[in-house]
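First the structure, in the form of structure tokens, and then the observations on it.
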Number of protein chains: 2
Amino acid sequence: MKTKESKIPEATIKRLSTYINCLERLQVEKHPVISSEMLGEYCQVSPAQIRKDLSYFGEFGVRGVGYDTKKLEAEIKEILGLNYNWPTTVVGVGKLGLALLNFTLFSQHGFSITAAFDNEPGKIGTELAGGIIIQPTSAIEDTVRDRGILIGVITTPADAAQKVADQLVAGGIQGLLNFAPTKVKVPEEITLRNVSITSELDNLAYLMTQKKKTRRR
Amino acid sequence: MKTKESKIPEATIKRLSTYINCLERLQVEKHPVISSEMLGEYCQVSPAQIRKDLSYFGEFGVRGVGYDTKKLEAEIKEILGLNYNWPTTVVGVGKLGLALLNFTLFSQHGFSITAAFDNEPGKIGTELAGGIIIQPTSAIEDTVRDRGILIGVITTPADAAQKVADQLVAGGIQGLLNFAPTKVKVPEEITLRNVSITSELDNLAYLMTQKKKTRRR
DNA sequence: GTGACAATGTGATAATCATCACACAGTCGT
DNA sequence: ACGACTGTGTGATGATTATCACATTGTCAC
Ligand SMILES: NC(=O)c1ccc[n+]([C@@H]2O[C@H](COP(=O)([O-])OP(=O)(O)OC[C@H]3O[C@@H](n4cnc5c(N)ncnc54)[C@H](O)[C@@H]3O)[C@@H](O)[C@H]2O)c1
Ligand SMILES: NC(=O)c1ccc[n+]([C@@H]2O[C@H](COP(=O)([O-])OP(=O)(O)OC[C@H]3O[C@@H](n4cnc5c(N)ncnc54)[C@H](O)[C@@H]3O)[C@@H](O)[C@H]2O)c1
């Protein structure tokens, strides 16, 4: 029990990401400096929580004054590793995949999508905005390796997710973001995150149902 | 401190949603019954966690045997309120909005999208697959009220999110799912969830950076 | 019927995370 | 130069959530 340091709550990381968004907006609105109190207003987090979150990584504010919005944004990006360039690929160029491929704001966070794959003959060879050409899934392994792609985003139907994940891993991918509603299995050393949009809606439905119930009594 | 009952962890609700997915797959694969151990395998949750999650709501298993996949799925859907029909609308028919509008699996969870809005003249009046006609945002309030729409999904750019939220609320919406990277403010009684795809990627980048660091030492 | 067995349901325990409260550091006006 | 003031950084405290361990209960073979 010597190598501590990674005692950082998962929830803290999530919040850091939202701080970035707020700080970007604050700069646009010409606020060079902000207190944890105000920042808390903006992103709906308690001031104490913000200070605690940041304190895990160092001291970024000036006592009696607050935080330099521009500097703090840069610091958080550094913490999250967003100053690095992350070559990324999307597998499954369907409705969701296309939305991600055309989403320009990812580049601001250091993600550059440099390849796309699908298995539908009609789609293969199509050129997307940005000059990316859809490749067949058979090319996943080689392309990932050759271009040093580090992050793979899976937007295929659920039954294809595991196969695609295996191919990405074979090519040497290091991180996977899976949108398919199934948990894929990957080796220990691969970082994996599942995101489920449906479960967000489910959650909403639950909260609404609860609220309705309490209102009734 | 009498009215307890809603002591259910947020994380539990999230997991319930993933259990549904697994249970659906298990039925397709002809497993009529499953143990918490096996279900844990499938959705990467510890068996004890699954049992605890379910125990908040009742007893759904048979000791010595396990859970009836079909029944359990129905029970969880009941718990989450997914057996109810939730009239839903999407505001901002861009790339992401379109993906959601065309996503057929939502209906299986009780969500039926019955209206769509945008403010771009070129899009207004367009008929989408499913027969939904894109309406101008000026019609939000009336349409939401007239059709009794309960859930609003916001997929506009960030700077339009608050305005759109206000309009939905004015129409009597009860729940909001916000995809724009800004926190909107709504009255207490409205249920609100923000979902940030970018923050999922940020999170992935952080985890990968950490892993790289520990590997180095 | 009855006993061996298998997997649930749950109180107790441990770990994680958020909140609080305040000492302390930096700024600014005079 | 100094004192009043403001807002940070953080140990202590409290709340929430996950894990453990096992007593309990229904099943099934004989
Ligand atoms: N709103 C949404 O669109 C939404 C919401 C929640 C979850 N999801 C999930 O995201 C995934 C994609 O959803 P979508 O709406 O874009 O579906 P889609 O059908 O529009 O797109 C799927 C794409 O994957 C391709 N594909 C199929 N099998 C493949 C394979 N073996 N290898 C490579 N490509 C393959 C198809 O050709 C298609 O282009 C699904 O798993 C879905 O459940 C989508
Ligand atoms: N992959 C993604 O597409 C992605 C990922 C993460 C977050 N987001 C967020 O989701 C939102 C939508 O993203 P997108 O890629 O679909 O953008 P988009 O530009 O394709 O779509 C936005 C749509 O909203 C409409 N719109 C603009 N102002 C409006 C208003 N006042 N009222 C109603 N409609 C209005 C536009 O006409 C357009 O159709 C954005 O806030 C974006 O940051 C998208």
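The chains referred to below are lettered A, B, ... by the order of the sequence lines, with proteins before strands, and numbering in each begins at 1.
In this structure, A:E73 pairs ionically with A:K77, as a charged nitrogen and a carboxylate oxygen lie closer than 4.0 Å.
Contact of the A:C22 side chain with the A:L39 side chain is registered, since non-hydrogen atoms from C-beta on lie closer than 4.5 Å.
When DNA chain D is scanned in the 5' to 3' direction for atoms under 4.0 Å from non-hydrogen atoms of chain A, the outermost contacting nucleotides are D:dT6 to D:dA12. Reading DNA chain C from its 5' end, the first and the last nucleotide to sit under 4.0 Å from a heavy atom of chain A are C:dT16 to C:dT27.
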In residues 104-111 of chain B, what donor-acceptor pairs under 3.5 Å come from side-chain atoms, sequence neighbours left out?
unit_1	atom_1	unit_2	atom_2	d
B:S107	OG	B:T104	O	3.0
B:H109	ND1	A:D202	OD1	3.0
B:H109	ND1	A:D202	OD2	3.1

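Put simply, the side chain of B:T155 gets close to the backbone of B:V91: a donor and an acceptor are under 3.5 Å apart. At distances below 3.5 Å, at least one donor-acceptor pair connects side-chain atoms of B:D118 with backbone N or O atoms of B:V93. Side-chain N or O atoms of A:T69 include one that pairs as donor or acceptor with a backbone N or O of A:P32 at under 3.5 Å.
The cationic atom of A:K212 (NZ for Lys, CZ for Arg) lies less than 6.0 Å from the six-membered ring centre of B:Y84 and within 45° of the ring axis.
Sorted by residue number, the members of residues 30-55 of chain A with any non-hydrogen atom under 4.0 Å from DNA chain D read A:S35, A:S36, A:R51, A:K52, A:S55. For DNA chain D, the neighbouring residues in residues 63-75 of chain B, judged by any heavy atom under 4.0 Å, are B:R63, B:V65.
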message = Please determine whether side chain to side chain contact (heavy atoms under 4.5 Å, CB included) holds for the pair A:T88 and A:I149, giving the CA-CA distance in whole Å, both sets of side-chain angles, and the decisive distance to 0.1 Å.
response = CA-CA 6 Å; A:T88 304; A:I149 293 172; 5.5 Å; no
Exercise. Tell me, with the steps shown, if B:S36 and B:R51 meet side chain to side chain donor-acceptor pair (under 3.5 Å).
Key: CA-CA 7 Å; B:S36 60; B:R51 296 201 298 275; 3.0 Å; yes
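A ring-ring contact (aromatic ring centres under 6.0 Å, His included) check over residues 54-79 of chain A, counting only residues at least two apart or in different chains, returns nothing.
Side-chain polar atoms of A:T191 and B:K211 form a donor-acceptor pair below 3.5 angstrom. Inspection of the B:T12 and B:D53 side chains reveals an N or O donor paired with an N or O acceptor under 3.5 Å.
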